[in-house]
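Step one of this worksheet: look at the structure below.
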Amino acid sequence: MRRFLLARGAQALAVIALVATLAFTLVHLAPGDPFAASLDDPTNTAALHAQQMHRWGYDQPLPVQYLKWLGNLARGEFGWSHSRNRRVADVLLETVPRTFLLMGAALVAGVLAGLALGTWQAARRGTPAERASGTLATAVLSVPEFLVALAALALPAARWHWFPVSGIADPAMHDSMSAIGRAWDVTRHLVLPAGTLALLTAAGVSRYHRSAMLAMLPEEFVRTARAKGAGEYTAVVRHALRNALGPLITIVGLLLPTLFGGAVFVETIFSWPGVGRMMVEAVGGNDYPLVLAGVLVGSVLVVLGSALADVLSALADPRLRIEA
């Protein structure tokens with residue numbers, strides 16, 4: 001197992017290094033610079049712009065900038081955010097937990113709902129209700145994340161006023177609330193963005209889990225349980241469901257990068273102050289250090305999700321460790 005973990009760790013570091021190098025190159029070769037907007041101000045001259053570029057080292061050759069950036073990363077320093085006038089590390093400490101909260105809530109709710117729906121569909125295979133729910137799940141998967149988010153924003157929030165339209169908390173009343181009140185305030189703001197991602201997650205998980213359940217229901221051990229007098233619930237849930245959870249291990253690990261990609265759209269639409277929204281704003285302002293920090297966070301999540309799926313699969317099936 002140790003050899004397996006070391007191999008996966010080396011692969012993970014290689015992937016992160018490759019993504020970081022490509023991101024650094026593309027960001028710096030893109031049109032514009034972090035101080036291009038300052039030229040629109042009549043008081044800022046071209047000389048002042050050149051002085052700012054020199055101060056932060058953006059006028060140096062790209063390989064030199066890259067080596068300095070790597071050196072800063074090795075010391076745990078992500079640089080300075082020009083658009084927010086703060087250390088990038090401070091911005092990440094503020095935004096990353098909010099994105100993790102959003103993704104965690106969506107992952108738990110989506111997987112549980114997908115398991116329940118997939119199990120129910122397998123047990124009701126061929127019925128009109130099962131076919132209708134399967135068609136609906138496929139339709140949800142076919143719709144882009146931002147359209148689902150816009151629908152949630154337009155109906156439950158803006159039209160029916162069930163939940164707050166945007167943000168993570170009530171800006172006027174949150175600080176004056178009790179601890180329970182603040183927690184409830186954040187939860188109410190979390191429902192729509194997390195629910196959007198959970199809906200998409202549940203639709204995907206249900207399709208995979210339905211197939212796994214249909215493969216388990218005809219197995220001998222399920223038929224034996226029924227022959228011994230076990231009820232349908234016991235046969236499906238305690239026997240078939242338990243053995244059908246294997247494929248879900250890989251799916252849950254690979255859901256992390258998918259959720260992060262969806263969070264970029266969802267956070268922007270619902271004004272959720274997380275990493276996704278931070279990256280959109282940073283790209284718009286050519287904030288190189290902030291963009292690169294967001295890319296690194298995303299690449300780490302992708303690698304962690306893939307590694308988690310590999311490790312859990314190896315724990316479930318020792319043959320995979322031997323092959324690695």
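Just so it is clear, the values below take in all heavy atoms, side chains as well, and ignore hydrogens, waters and symmetry mates. This structure is a prediction, so every number in the text was calculated from the model and none was measured.
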message = Can a donor-acceptor pair be found, under 3.5 Å and without considering hydrogens, that links the side chain of T119 to the backbone of A116?
response = no
inquiry  = Using side chain to side chain donor-acceptor pair (under 3.5 Å), reason through T21 and Y66 one step at a time and then give a plain yes or no.
reply    = CA-CA 8 Å; T21 302; Y66 177 68; 2.7 Å; yes
request  = Please name the pair of heavy atoms, one in A106 and one in A194, separated by the smallest distance, quoted to 0.1 Å.
outcome  = CB-O, 3.6 Å
message = I'd like to know if the side chain of N286 and the backbone of G32 have a donor-acceptor N/O pair within less than 3.5 Å.
response = no
ask   = Are V165 and L192 connected in a single hydrophobic cluster, I mean Ile/Leu/Val/Met/Phe/Trp/Tyr linked by side-chain heavy atoms less than 4.5 Å apart?
value = yes
query = How about Y58 and H49: are their ring centres within less than 6.0 Å of each other?
reply = no
task = Heavy atoms only: give me the nearest V205-V111 pair and the separation to one decimal.
result = CG1-O, 4.2 Å
message = Please report the interatomic distance CG(D59) to CD(Q51), rounded to the nearest 0.5 Å.
response = 11.5 Å
query = Same cluster for L190 and V264 if Ile/Leu/Val/Met/Phe/Trp/Tyr side chains link at under 4.5 Å?
reply = no
query = Under 4.5 Å between side-chain heavy atoms, hopping through other hydrophobics if needed: is there a path connecting V27 to L62?
reply = yes
Verdict with reasoning, E219 to M216, per side-chain contact (heavy atoms from CB on, under 4.5 Å) = CA-CA 5 Å; E219 290 293 329; M216 287 296 155; 4.3 Å; yes
inquiry  = Using ring centroids (six-membered ring only for Trp), state whether H82 and W56 fall under 6.0 Å.
reply    = yes
key: L107 vs L256, side-chain contact (heavy atoms from CB on, under 4.5 Å): CA-CA, chis, key distance, verdict   = CA-CA 8 Å; L107 182 64; L256 291 179; 4.2 Å; yes
request  = Quick one: closest heavy-atom pair of F270 and A152, and the distance?
outcome  = CZ-CB, 4.0 Å
request  = Verify the cluster assignment for V297 and L70: are they in a single hydrophobic cluster under the rule of side-chain heavy atoms below 4.5 Å apart?
outcome  = yes
key: Nearest-0.5 Å distance that lies between atom CZ in R188 and atom CD1 in I168   = 14.0 Å
request  = Could you tell me whether the side chain of T99 and the main chain of V275 form a donor-acceptor pair under 3.5 Å?
outcome  = yes
ask   = Would you find more than 12 non-hydrogen atoms of other residues, nucleotides or ligands less than 6.0 Å from R125 atom CZ?
value = no
key: Least distance between heavy atoms, D287 atom then S81 atom   = OD2-OG, 2.7 Å
key: ring-ring contact (aromatic ring centres under 6.0 Å, His included) partners of H28, counting only residues at least two apart   = F24, Y288
ask   = What distance do K68 atom NZ and L73 atom CG have between them, rounded to the nearest 0.5 Å?
value = 14.5 Å
ask   = Does R182 reach the main-chain N or O of M177 with its side chain, forming a donor-acceptor pair under 3.5 Å?
value = yes
query = Nearest heavy-atom pair of V91 and M278: which atoms, and what distance?
reply = CG1-SD, 3.6 Å
ask   = If you group Ile, Leu, Val, Met, Phe, Trp and Tyr by side-chain heavy-atom gaps below 4.5 Å, do L197 and F146 land in one group?
value = yes
key: OG on S133 to CD on Q121, rounded to 0.5 Å   = 3.5 Å
query = Short question: side chain of E77, backbone of G79 - any donor-acceptor pair under 3.5 Å?
reply = yes
request  = Measure the CG-OH distance between L115 and Y208 for me, rounded to the nearest 0.5 Å.
outcome  = 14.5 Å
key: Check against side-chain contact (heavy atoms from CB on, under 4.5 Å), V15 and S299   = CA-CA 8 Å; V15 170; S299 64; 5.9 Å; no
query = How would you list, by chain and number, every residue that makes a ring-ring contact (aromatic ring centres under 6.0 Å, His included) with F78, sequence neighbours excluded?
reply = none
query = Once you round to the nearest 0.5 Å, how far does CG of L136 lie from CG of L117?
reply = 8.5 Å
message = If you apply the rule side-chain contact (heavy atoms from CB on, under 4.5 Å), what do you find for L241 with H209, and how did you get there?
response = CA-CA 9 Å; L241 175 60; H209 185 61; 3.2 Å; yes
query = Does CD1 in I180 sit with more than 12 non-hydrogen atoms of other residues, nucleotides or ligands closer than 6.0 Å?
reply = no
task = Output yes when R98 and E267 qualify as a salt bridge under the 4.0 Å nitrogen-oxygen rule, no when they do not.
result = no
ask   = With a 4.0 Å cut-off, would you call R277 and E281 a salt bridge?
value = yes
query = Would you say the side-chain atoms of D185 pair up with the backbone N or O of D170, donor to acceptor, closer than 3.5 Å?
reply = yes
inquiry  = Could you work out, with ring-ring contact (aromatic ring centres under 6.0 Å, His included) as the rule, every residue matching F260, not counting sequence neighbours?
reply    = none
task = Would you name the heavy atoms of A122 and L217 that are closest together and state the gap between them?
result = O-CD1, 3.7 Å
task = Output yes when a side-chain donor or acceptor of Q65 lies under 3.5 Å from a complementary backbone atom of Q60, and no otherwise.
result = yes
